[in-house]
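Worksheet for the structure shown next.
Lettering follows sequence order; numbering is per chain, from 1. Excluded from the calculations below are hydrogen atoms, water molecules and symmetry mates; all remaining heavy atoms, backbone and side chain alike, are included.
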2 protein chains.
Amino acid sequence: MKKSRTTITEIANQLGVSPSTVSRALNDHPAISKKTKKAVVKLARKLNYQPNLLALNLLKNKTNTIGVVVPEITSYFFSSVINGIQDMVNPLGVNMIISQSNESYEEEKNIIQTFTSIRVDGFLISPSSETKNFGHLKILTDNNIPLVIFDRDCEGIEVDKVFVDEYNGAFQAVEHLIQTGCKRVAHIAGQQTLSTARHRFKGYKDALSKHNIPVNEKYIVESCGFAPEHGIDPTKKLLALPNPPDAIFAINDGVAIGAMYVIKEAGIKIPEEISVIGFDDDPHSSFFKPSLSTVWQPTYEMGVLAARFLMKRINASNEILSFRIETLLPELVVRGSSR
Amino acid sequence: MKKSRTTITEIANQLGVSPSTVSRALNDHPAISKKTKKAVVKLARKLNYQPNLLALNLLKNKTNTIGVVVPEITSYFFSSVINGIQDMVNPLGVNMIISQSNESYEEEKNIIQTFTSIRVDGFLISPSSETKNFGHLKILTDNNIPLVIFDRDCEGIEVDKVFVDEYNGAFQAVEHLIQTGCKRVAHIAGQQTLSTARHRFKGYKDALSKHNIPVNEKYIVESCGFAPEHGIDPTKKLLALPNPPDAIFAINDGVAIGAMYVIKEAGIKIPEEISVIGFDDDPHSSFFKPSLSTVWQPTYEMGVLAARFLMKRINASNEILSFRIETLLPELVVRGSSR
DNA sequence: CTGTTAGCGCTTTCAG
DNA sequence: CTGAAAGCGCTAACAG
């Protein structure tokens with residue numbers, strides 16, 4: 001027997017006034033007598049009245065809810081971006097509803113579809129690694145549904161975007177390796193569908209070029225994911241080379257950790273014989289032995305900024321704002337796995 | 001200029017029929033002619049009609065949304081529970097809205113309050129470490145809002161609950177240490193407000209007792225969190241003891257990783273001189289050197305089961321179901337940090 | 001098979 | 001200052 005929650009009409013009846021009066025009392029409307037207002041507020045509290053946001057949303061055609069779509073939530077990277085989003089958005093009375101695409105294009109499409117039906121006020125999206133076709137995002141922009149893309153780019157879609165300067169981070173990392181004396185710098189690259197992976201790759205190549213080191217195809221292997229186990233095989237391949245590398249720049253910390261594991265297992269010394277550097281600054285990374293050098297990314301800030309962009313769009317839905325692209329700077333963190 | 005989305009009335013007008021006819025056509029109602037149905041469906045598709053769930057929700061007084069409240073999202077533990085929840089619930093057309101309490105009682109209260117206003121169909125809650133008073137949960141049960149508690153218990157609240165058998169896991173871990181020859185097993189305990197931490201502590205003590213080892217207060221220190229840095233000071237304290245332990249059972253993998261770091265830094269060999277064991281089986285744990293022995297918890301399964309319980313309650317809101325408490329079994333994972 | 005009506009809970013004109 | 005009425009988009013009961 002579900003006791004239905006108190007409504008405005010109920011309060012009105014009990015007080016012998018009209019619902020509109022109650023509404024006015026509860027919403028600090030000026031045209032209301034102190035006396036009735038007081039009575040209404042008192043009874044509302046007593047009955048534990050809570051406005052039905054469903055009704056309000058329908059009326060206002062606004063849900064105060066934003067949809068966040070990420071490839072996955074278990075990585076430190078995305079969960080801390082989400083932290084930033086939540087901290088930005090909650091004080092504004094806005095809720096977020098999160099879903100994971102699990103790096104699947106189909107799932108991503110479905111999520112966007114459901115979120116649209118739910119009538120979220122806007123989207124914050126980091127596309128899956130499978131996503132090459134942006135029709136599902138185009139539908140959003142065509143329907144004037146605010147959308148901000150973060151971390152991973154969708155070229156051709158014109159919306160606000162927030163990125164980290166991956167190129168710069170990779171460049172710094174590789175230059176650091178070169179400057180500490182490494183001659184044969186390998187790269188465990190990420191899936192090249194991802195803009196982030198491509199930019200890091202380019203940073204790697206350009207850093208080598210700047211220092212007149214030819215790019216050696218043999219020293220470039222691709223991992224198929226971001227977890228430590230995805231670093232295993234690529235590293236084995238590199239170590240099996242006739243002239244193995246003396247440094248590895250891994251696409252991220254997860255893969256770098258897998259790489260370090262293989263290297264240590266092989267009895268090779270880090271950083272004396274091989275330097276290793278990752279990307280992300282996962283909180284675990286400083287506790288390995290040696291501690292992992294890496295590139296810190298402003299993940300939390302990215303979340304905050306992306307959310308800020310989105311809220312601005314939502315609150316200015318009929319003004320014409322030019323699109324903003326913000327690129328945040330990463331920072332090199334030198335620790336024990338490089339010299 | 002925001003082009004408002006297609007409504008059922010719009011379709012009705014364009015086709016010269018009534019809204020109810022359109023509704024019927026779109027909902028596979030039996031009482032409808034093939035011809036009109038076809039026409040409606042066609043036009044709906046053409047206009048890219050999407051039902052307004054807001055209206056539907058108001059009508060049905062049901063949102064098909066569940067609220068998930070966790071202490072934090074950045075740990076592997078909770079994010080993989082969330083994975084389980086999402087995978088259980090999405091195929092049912094149910095969405096989840098997540099919020100983090102950041103281990104704060106106040107935030108937890110606020111979240112529950114907002115989620116209630118949003119009219120989520122039910123709650124999945126793992127309380128914060130600060131939460132000692134359960135009034136905010138009582139309000140939910142008093143109002144017949146379905147609620148399932150998972151991982152961390154709230155004693156006195158009668159609802160469906162899903163736990164891991166922490167006692168058993170801790171017992172297994174400590175017994176394993178004893179059986180591999182450790183004589184002075186220390187425990188880095190978690191905050192004792194948490195049922196999970198208390199149960200692990202008890203498992204620790206009982207395992208010692210079973211093997212006739214007296215519980216030595218000196219070997220018990222409390223950490224104030226679950227990250228590697230929270231393992232640092234407790235471990236230093238233990239190592240500084242006149243007769244330091246030869247084994248450490250840490251409250252979780254994070255803390256154990258911090259402990260291993262300190263131990264290795266001190267030049268002490270793991271596991272020869274000190275064994276270390278954690279709890280959680282964080283994906284990073286097997287990549288440390290030595291790899292961390294730990295207790296695996298069925299996190300994903302916990303999420304699935306908790307979600308299943310909740311959905312059952314939601315779909316049976318006016319039947320009387322007795323409360324279910326399920327306790328899942330953890331598994332000892334022996335790796336390199338213990339003998 | 002189809003249209004009319006009412007109503008989910010709330011706010012907002014428009015009249016008093 | 002307050003009440004009546006309309007309507008957000010949709011479905012369901014009731015007529016035809």
message: Both A:Gln50 and B:Pro19 contact DNA chain C. Taking the nearest nucleotide for each, which residue is further toward the 5' end?
response: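 Checking each residue's closest nucleotide, the 5'-ward one belongs to B:Pro19.
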To the nearest angstrom, how far is [X] atom [atom1] from [N] atom [atom2]?
X: A:Lys60; N: D:dG7; atom1: NZ; atom2: P; value: 18 Å
X: B:Leu15; N: C:dT2; atom1: CG; atom2: P; value: 11 Å
X: B:Leu58; N: C:dC8; atom1: CG; atom2: P; value: 9 Å
X: B:Tyr49; N: D:dG9; atom1: OH; atom2: P; value: 10 Å
X: B:Asn52; N: D:dT11; atom1: CG; atom2: C1'; value: 13 Å
X: A:Ile118; N: D:dG9; atom1: CD1; atom2: P; value: 18 Å
X: A:Leu54; N: C:dC8; atom1: CG; atom2: P; value: 14 Å
X: A:Ile8; N: D:dG3; atom1: CD1; atom2: C1'; value: 14 Å

query: With a 4.0 Å cut-off, would you call A:Lys46 and A:Glu10 a salt bridge?
result: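 No.
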message: Could you go through B:Arg324 and B:Glu326, starting from their C-alpha distance and side-chain angles, then the distance that decides it, and tell me whether this counts as salt bridge (charged side-chain N to carboxylate O under 4.0 Å, His left out)?
response: CA-CA 6 Å; B:Arg324 299 190 55 177; B:Glu326 190 82 34; 3.4 Å; yes
- request: Quick one: label A:Leu59 by what it contacts on the DNA or RNA (base, sugar-phosphate, nothing), any heavy atom closer than 4.0 Å.
  value: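 Base, at least one base atom sits under 4.0 Å.
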- request: Can you see which heavy atom on A:Leu147 is nearest to which on A:Val159, and at what distance?
  value: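 Heavy atoms of A:Leu147 and A:Val159 come nearest at O-CB, 3.4 Å.
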- request: Estimate the overall bend of the helix from C:dC1-D:dG16 to C:dG16-D:dC1 from the end axes over five pairs each, rounded to 10 degrees.
  value: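 Angle reported: 50°, given to the nearest ten degrees.
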With a 3.5 Å cut-off and no angle check, do the side chains of [X] and [Y] form a donor-acceptor pair?
X: B:Ser101; Y: B:Glu107; answer: no
X: B:Thr141; Y: B:Glu158; answer: no
X: A:Gln113; Y: A:Thr116; answer: no

task: Establish, with yes or no, whether the OP1 or OP2 oxygen of D:dC1 is under 4.0 angstrom from a side-chain nitrogen or oxygen of A:Thr36.
output: no
message: Is A:Ser18 close enough to D:dA4 that one of its side-chain N or O atoms is under 4.0 Å from OP1 or OP2 there?
response: no
field: Trace of the salt bridge (charged side-chain N to carboxylate O under 4.0 Å, His left out) decision for A:Glu103 with A:Arg152
entry: CA-CA 12 Å; A:Glu103 301 282 12; A:Arg152 300 173 172 185; 3.0 Å; yes
query: What residues, two or more places apart in sequence or in another chain, satisfy salt bridge (Lys or Arg N to Asp or Glu O under 4.0 Å) together with A:Glu301?
result: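 Result, salt bridge (Lys or Arg N to Asp or Glu O under 4.0 Å) vs A:Glu301: none returned.
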- prompt: When you look at A:Asp28 and A:Lys37, which way does the salt bridge (charged side-chain N to carboxylate O under 4.0 Å, His left out) test go after all the steps?
  reply: CA-CA 9 Å; A:Asp28 294 320; A:Lys37 180 166 176 176; 2.9 Å; yes
- request: Mind running a 4.0 Å heavy-atom check of residues 23-35 of chain B against DNA chain D and sending the residues that fall below it, in number order?
  value: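 Hits under 4.0 Å, by residue number: B:Ser23, B:Arg24, B:Asn27.
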